[in-house]
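Here the structure is a predicted model, which is why all the values come from computation and not from measurement.
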Amino acid sequence: MENISNQLSYLKGLVDGIKVDPESDYGRIFEGIINVLDEINNSVDDILESQDELAEQIDLIDEDLSVIEEELSDDDFDDDLNDLEYYEIDCPNCGVSVCLDEDFFDTDKPVVCPECGQEFDIDLDVDEDEDEESEF
């Protein structure tokens, strides 16, 4: 941005150097153009300053996020997730798969389909023929 400021200062010097009468048509045009360029330069400076502040804040957020990611990637947390077993059961009404953890089977609550809202019970009785086939 320093380059634009330098170029603007050079341009102001050129206009002053050619001794344009500020009251003439050309003098007012040059003055107007230089004023607009000066305002643009100041606005760009403000934007760049804000961008630098935002970049610093983003870096701090990124560092904080890295700390959180490290804490969440703790092996104990992963082991706890791997210890859980989930079962998929299809809703008899709409056919959507409903995932249940093993603790759900210790309750007497009916299953509620998240898609259609239909309640249904699970038949946990397994035929002996099916049980024998699953052992192989």
Side-chain angles (χ1 to χ4, degrees):
M1 191 62 218
E2 203 173 297
N3 190 27
I4 293 176
S5 296
N6 291 341
Q7 289 176 352
L8 185 57
S9 294
Y10 177 73
L11 184 60
K12 286 179 185 179
L14 282 178
V15 170
D16 289 342
I18 60 173
K19 299 186 193 285
V20 176
D21 180 19
E23 300 301 320
S24 72
D25 291 341
Y26 290 116
R28 287 190 299 246
I29 289 172
F30 283 136
E31 185 179 345
I33 290 172
I34 289 174
N35 288 339
V36 169
L37 290 174
D38 199 32
E39 286 294 318
I40 292 171
N41 183 47
N42 291 337
S43 295
V44 170
D45 281 342
D46 292 343
I47 290 170
L48 290 174
E49 187 177 313
S50 295
Q51 182 183 3
D52 288 342
E53 290 174 9
L54 287 173
E56 288 176 20
Q57 290 176 350
I58 289 172
D59 288 341
L60 292 173
I61 291 170
D62 187 44
E63 289 172 12
D64 291 344
L65 184 58
S66 295
V67 170
I68 291 171
E69 286 174 341
E70 286 177 20
E71 288 178 12
L72 287 179
S73 68
D74 185 19
D75 290 338
D76 294 337
F77 182 75
D78 291 340
D79 290 342
D80 291 344
L81 286 178
N82 291 334
D83 291 343
L84 296 176
E85 280 192 49
Y86 289 92
Y87 300 93
E88 282 188 29
I89 299 171
D90 293 335
C91 172
N93 188 42
C94 67
V96 169
S97 291
V98 179
C99 293
L100 304 171
D101 66 3
E102 57 190 16
D103 294 336
F104 182 83
F105 295 103
D106 295 336
T107 67
D108 292 332
K109 294 188 273 185
V111 178
V112 178
C113 176
E115 185 69 25
C116 67
Q118 181 73 31
E119 289 186 5
F120 59 93
D121 291 320
I122 302 170
D123 184 19
L124 296 177
D125 295 332
V126 178
D127 292 340
E128 288 181 22
D129 294 337
E130 289 179 15
D131 192 30
E132 290 175 9
E133 289 176 14
S134 64
E135 290 179 10
F136 294 106

Query raised in the report: Just by distance, do the side chain of N41 and the backbone of L37 share a donor-acceptor pair under 3.5 Å?
Result: no
Report summary line: Rounded to the nearest 0.5 angstrom, the CZ-CG distance for F30 and L14 is 9.5 Å
Report task. Say whether, by atom type as modelled, one donor and one acceptor occur between the side chain of R28 and the main chain of P22 under 3.5 angstrom. Result -> no
Report task. Start with the C-alpha gap between Y87 and V98, add the side-chain angles, then the distance that decides, and say whether side-chain contact (heavy atoms from CB on, under 4.5 Å) holds. Result -> CA-CA 8 Å; Y87 300 93; V98 179; over 6 Å; no
Query raised in the report: How long is the gap from NZ on K12 to CG on N35, to the nearest 0.5 Å?
Result: 7.5 Å
Query raised in the report: Can you tell me how far the CG atom of L100 sits from the NZ atom of K109, to the nearest 0.5 Å?
Result: 10.5 Å
Query raised in the report: Does the pair V15 and I34 meet the rule for a side-chain contact (heavy atoms from CB on, under 4.5 Å), with working shown?
Result: CA-CA 9 Å; V15 170; I34 289 174; 3.6 Å; yes
Query raised in the report: Of the non-hydrogen atoms in D45 and S5, which two are nearest, and what is the gap between them?
Result: OD2-OG, 4.5 Å
Query - Value rounded to 0.5 Å, distance of CG in D38 from OG in S43 - result: 9.5 Å
Query - In one Ile/Leu/Val/Met/Phe/Trp/Tyr side-chain cluster, 4.5 Å: L11, I29 - result: yes
Report task. Hey, could you give me the CG/CD1 distance between L8 and I40, rounded to the nearest 0.5 Å? Result -> 9.5 Å
Report task. Evaluate the side-chain proximity of D21 to Y26: yes if any heavy-atom separation is below 4.5 Å, no if none is. Result -> no
Query raised in the report: At their closest point, which heavy atom of V112 faces which heavy atom of G117, and how far apart are they?
Result: CG1-O, 3.9 Å
Report task. Please report the closest heavy-atom contact between C113 and V96, naming both atoms and the distance. Result -> SG-CB, 4.4 Å
**Report entry** Distance (rounded to the nearest 0.5 Å) between C94 SG and Q118 CD
**Finding:** 9.0 Å
Query raised in the report: What about V44 and V36, same hydrophobic cluster or not, with Ile/Leu/Val/Met/Phe/Trp/Tyr joined at side-chain heavy-atom distances under 4.5 Å?
Result: yes
